[in-house]
2 protein chains.
Amino acid sequence: MPQGAPRPRRAAATIEEVARAAGVSRQTVSNALNAPQRVRPDTLARVRAAIERLGYRPDQSARALRTGARRTLGYLAPVDDPYDPNPLMAGFLEALVDAAAAAGYRLLLFRPAPGTTDARPAIDELIAARQVDGLVLADVLREDPRVAHVARTGVPFATFGRTGPGEPQHWVDIDNGAATAGVVRHLADRGHRRIAFAGPAGEALPWMAARRAGFAAETARLGLTAALPGAGSPPAAAASGSGVAQLRALLQGPDRPTAVAAGSDLTALAVYEAVRAEGLVVGRDVAVVGFHDTPLCRHLHPALSSVRLPLRAIASGLVGLLLAQIRGESVRGEGLVLSTELVVRASSG
Amino acid sequence: MPQGAPRPRRAAATIEEVARAAGVSRQTVSNALNAPQRVRPDTLARVRAAIERLGYRPDQSARALRTGARRTLGYLAPVDDPYDPNPLMAGFLEALVDAAAAAGYRLLLFRPAPGTTDARPAIDELIAARQVDGLVLADVLREDPRVAHVARTGVPFATFGRTGPGEPQHWVDIDNGAATAGVVRHLADRGHRRIAFAGPAGEALPWMAARRAGFAAETARLGLTAALPGAGSPPAAAASGSGVAQLRALLQGPDRPTAVAAGSDLTALAVYEAVRAEGLVVGRDVAVVGFHDTPLCRHLHPALSSVRLPLRAIASGLVGLLLAQIRGESVRGEGLVLSTELVVRASSG
DNA sequence: CTGTTAGCGCCTTCAT
DNA sequence: ATGAAGGCGCTAACAG
């Protein structure tokens, strides 16, 4: 592992130079930056002019060393399963960077060491090197070892997805059940009576289980005929084509569903394929709704209705939870549940 | 903008504590870490044991302040156009994080201030605060103001995509022309004589122009009939459906192309739609090849052949270029051109 | 309201 | 091979 290296770099302005340029002491410059109300207005103006002129910004390392605040948040990048890619990765990351920046923080990305799946060593490194003030974890599972581990270290953290009952409830989540229930109501409004849910079964992925449960509950409430393929297609099945085969079986017979709620946009794509393979037409014979509202939706024909996630609100919520902890305010409560928005397009219009 | 905040945190081990625990002085611990050959083996072992026991890692801020090396690289996250999303964002970022980590560096994400598109102020902030040792820029255009700006600051940088002729040639790029030429050869091998290119025209996106040029050159060389819709569909066109309309026009008549090389996987999806709309079958009547090899490829029916980018090699190349500059080795040469791999699936098999 | 003093944790001379 | 100073740039305490 290569270690330290000399690093020639053009000298950057220091607080000392600003102080000299403004004819004040270093401390006054520091005050002008961190406690402006303590500095006389005219002095403040002079200092600020000098700062502007020299392009001065405090050295973040020096400041961090002195104050202990790194002004940096760590984000554990999810391991990207090519068969079931995280559809939000890009959009969510951008929202998170912006939310952090709005609070004066930077975002540091990290991952388990290549070839490894256990993120805990990487988490420990980051904490031990004091590189971050807090951590964001996404795609949190029910008994997530990462959550338990970070909780043990005492470092502020917040999760996208609910934590276990015995763990700190510093999470933001969308209401997956309500989202799918909304999809069901939308389809019922359009006159559909027989509706299917397409997506992996099982409890492995809490968000998917919640979508499925919301679907089941709402169809029951409305007295609709619900088709919930029990075997479920694990993510890999969709890739091998068996997911489509299963969906085709679902779409056969006179009592076939006239609408399908999919657990993700990629699953909705598989539904499109199955519908076509059965000689039916999406949007006319079978309505389809996806989940995530990825760019794919607009590129499909007909355009795919989908559930849009409030990515910016999620990101702000996570950063807010982290800031509260960093400031030492003991955050209490049950986490933050955000609602989604159904974007209706031609596939279910 | 909220500023500095107190930050209670469990005390972490310091070099002083390790020294005491190992019965040596601080410098010896430092040496054990940064110049192990200077420390007697048994002392080294004792120090390492103490480090292990206390979970000590040097405080990165202190080390950075002292040495000037931040051991952090900045990555300017591309502005995500929902109509033309960066299909590599997730996969490339992961590769970049891993490549940086392998060299002992972290990756810091940053973006233009929300509502802004000019990245230069954000770049300046990062540099002035001395938070990074180098920068990575992606999706570089021909006369990219970001490149010119960073070059002026003197901070090490490397780009994914070629820089202008007057600028430092610290770039890594794929051979877009050769990639499309390879697609043409593949299709010619399969017996296709009339081949079309689907993708936006114009010189705005250098990578797309290069793909188009490679297509034109190779079809000419092989004496094939090439269809290159000149008007080109700007990214937004695909979303509005006019892209598909244009492609449908292309697929009409007895002399229609029997194969289509697409400039991206999403464009290939539009080709699928157009082929079907014309009553043709992808893979039988019309072969299709995409670009990027996104997860979408495996989810389509038939599965989409596509050009796979060597993301890990690109990432390693970028990090390598940065390290060389950071070490002060004057990097010379013409940038690094990497070749792609055509993944053949049912759509062109 | 401004200036002085001290030290955050670490690494680089220099001396032993 | 190891130990003793000094200082990177900054800010929190206190002195004036």
Side-chain angles (χ1 to χ4, degrees), chain A residues 3-9 11-47 50-51 54-71 127-131 133, chain B residues 3-9 11-20 22-48 50-51 54-71 127-131 133:
Chain A
Q3 283 292 343
R7 197 212 35 153
R9 175 82 58 89
T14 163
I15 197 172
E16 184 73 49
E17 297 168 10
V18 175
R20 242 194 325 264
V24 297
S25 76
R26 298 186 318 194
Q27 187 52 32
T28 303
V29 179
S30 177
N31 284 339
L33 239 40
N34 304 313
Q37 74 285 0
R38 290 188 172 185
V39 181
R40 218 186 323 151
D42 59 325
T43 311
L44 189 58
R46 220 168 58 244
V47 172
I51 288 175
L54 298 176
Y56 169 75
R57 304 285 295 172
D59 181 313
Q60 185 51 39
S61 296
R63 179 181 259 193
L65 177 60
R66 187 61 182 87
T67 65
R70 265 56 186 169
R71 307 200 78 75
I127 293 174
R130 273 137 294 177
Q131 297 206 113
D133 300 312
Chain B
Q3 284 292 344
R7 197 213 35 151
R9 176 80 59 88
T14 164
I15 197 172
E16 183 72 50
E17 295 169 10
V18 175
R20 243 195 324 265
V24 297
S25 75
R26 300 185 317 193
Q27 297 65 10
T28 304
V29 178
S30 178
N31 284 339
L33 237 41
N34 304 313
Q37 73 285 359
R38 290 189 174 186
V39 181
R40 218 187 322 154
D42 59 325
T43 312
L44 189 58
R46 218 167 61 243
V47 172
R48 284 190 169 149
I51 287 175
L54 299 176
Y56 168 75
R57 304 284 297 172
D59 180 313
Q60 185 51 38
S61 296
R63 178 182 262 193
L65 177 60
R66 184 63 182 83
T67 65
R70 267 54 187 170
R71 306 200 79 74
I127 293 174
R130 273 138 294 179
Q131 297 207 113
D133 300 312

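Each chain gets a letter, A, B and so on, in the order the sequences are listed, and its residues count up from 1.
- Across the helix from C/dC1-D/dG16 to C/dT16-D/dA1, the helix axis at one end is tilted relative to the axis at the other end by 40° (nearest 10 degrees, each axis from five pairs).
- Non-hydrogen atoms lying under 4.0 Å from DNA chain C are contributed by B/Arg26, B/Gln27, B/Ser30, all within residues 22-30 of chain B.
- Between A/Asn34 atom CG and D/dA13 atom P there is a gap of 13 Å when expressed in whole angstrom units.
- Listed pair B/Arg38 / D/dA1 fails the phosphate criterion, with no side-chain N or O lying under 4.0 Å from OP1 or OP2.
- In this structure, CD1 of A/Ile15 is placed 14 Å from C1' of D/dC8, rounded to the nearest angstrom.
- The closest side-chain donor-acceptor pair between A/Arg130 and B/Ser61, if any, does not fall under 3.5 angstrom.
- Atom CD in A/Gln60 sits about 15 Å away from atom C1' in D/dC8, given to the nearest Å.
- Rounding to the nearest 0.5 angstrom, the gap separating the CD1 atom in A/Ile51 from the CZ atom in A/Arg57 is 9.0 Å.
- One atom, CZ of B/Arg20, and another, P of D/dG3, lie 14 Å apart when rounded to the nearest Å.
- Per the geometry, CD belonging to A/Gln131 stands 13 Å off P belonging to C/dC10, to the nearest Å.
- Nearest nucleotide to the A/Thr14 side chain, out of D/dC10, D/dT11, D/dA1: D/dC10.
- You'll find that the side chain of B/Arg40 is closest to D/dT2, out of D/dG9, D/dT2, C/dC11.
- Shown here for B/Gln27 and B/Ser25, the closest heavy-atom pair between the two residues is OE1-OG, 3.0 Å.
- In this structure, B/Arg48 and B/Ala32 approach most closely via the heavy-atom pair NH2-O, 4.4 Å.
- Within the model, atoms CG of A/Leu65 and CZ of A/Arg70 stand 7.0 Å from one another, a figure rounded to the nearest 0.5 Å.
- B/Leu65 comes within 4.0 angstrom of a base, heavy atoms only.
- The heavy-atom pair separating B/Leu33 from B/Pro58 by the smallest distance is CD2-CG, 3.4 Å.
- Between the CZ atom of A/Arg20 and the CD1 atom of A/Ile15 there is a distance of 12.0 Å, given to the nearest 0.5 Å.
- As a whole-Å value, the separation of A/Arg130 CZ from C/dC8 C1' is 11 Å.
- For B/Glu17 and C/dC10, the CD to C1' distance is 14 Å, given to the nearest whole Å.
- Closest non-hydrogen pair, B/Glu16 versus B/Arg26, comes out as OE1-CD, 2.8 Å.
- The residue among A/Tyr56 and B/Val39 whose nearest nucleotide of DNA chain D is located toward the 5' end is B/Val39.
- In terms of heavy atoms, A/Leu44 sits closest to A/Val39 at N-CG1, 3.7 Å.
- What separates CG of A/Asp59 from P of C/dC10 is a distance of 17 Å, to the nearest Å.
- Heavy atoms only, all atoms of each residue included: A/Val29 and A/Val24 are closest at CG2-CG2, 3.9 Å.
- Taking side-chain N and O atoms only, A/Arg63 has no distance below 4.0 Å to OP1 or OP2 of D/dG9.
- Put simply, the side chain of B/Arg66 and the base of C/dC11 share a donor and an acceptor less than 3.5 Å apart.
- Using a 4.0 Å heavy-atom cutoff across all strands shown, B/Ser61 reaches no nucleic acid atom at all.
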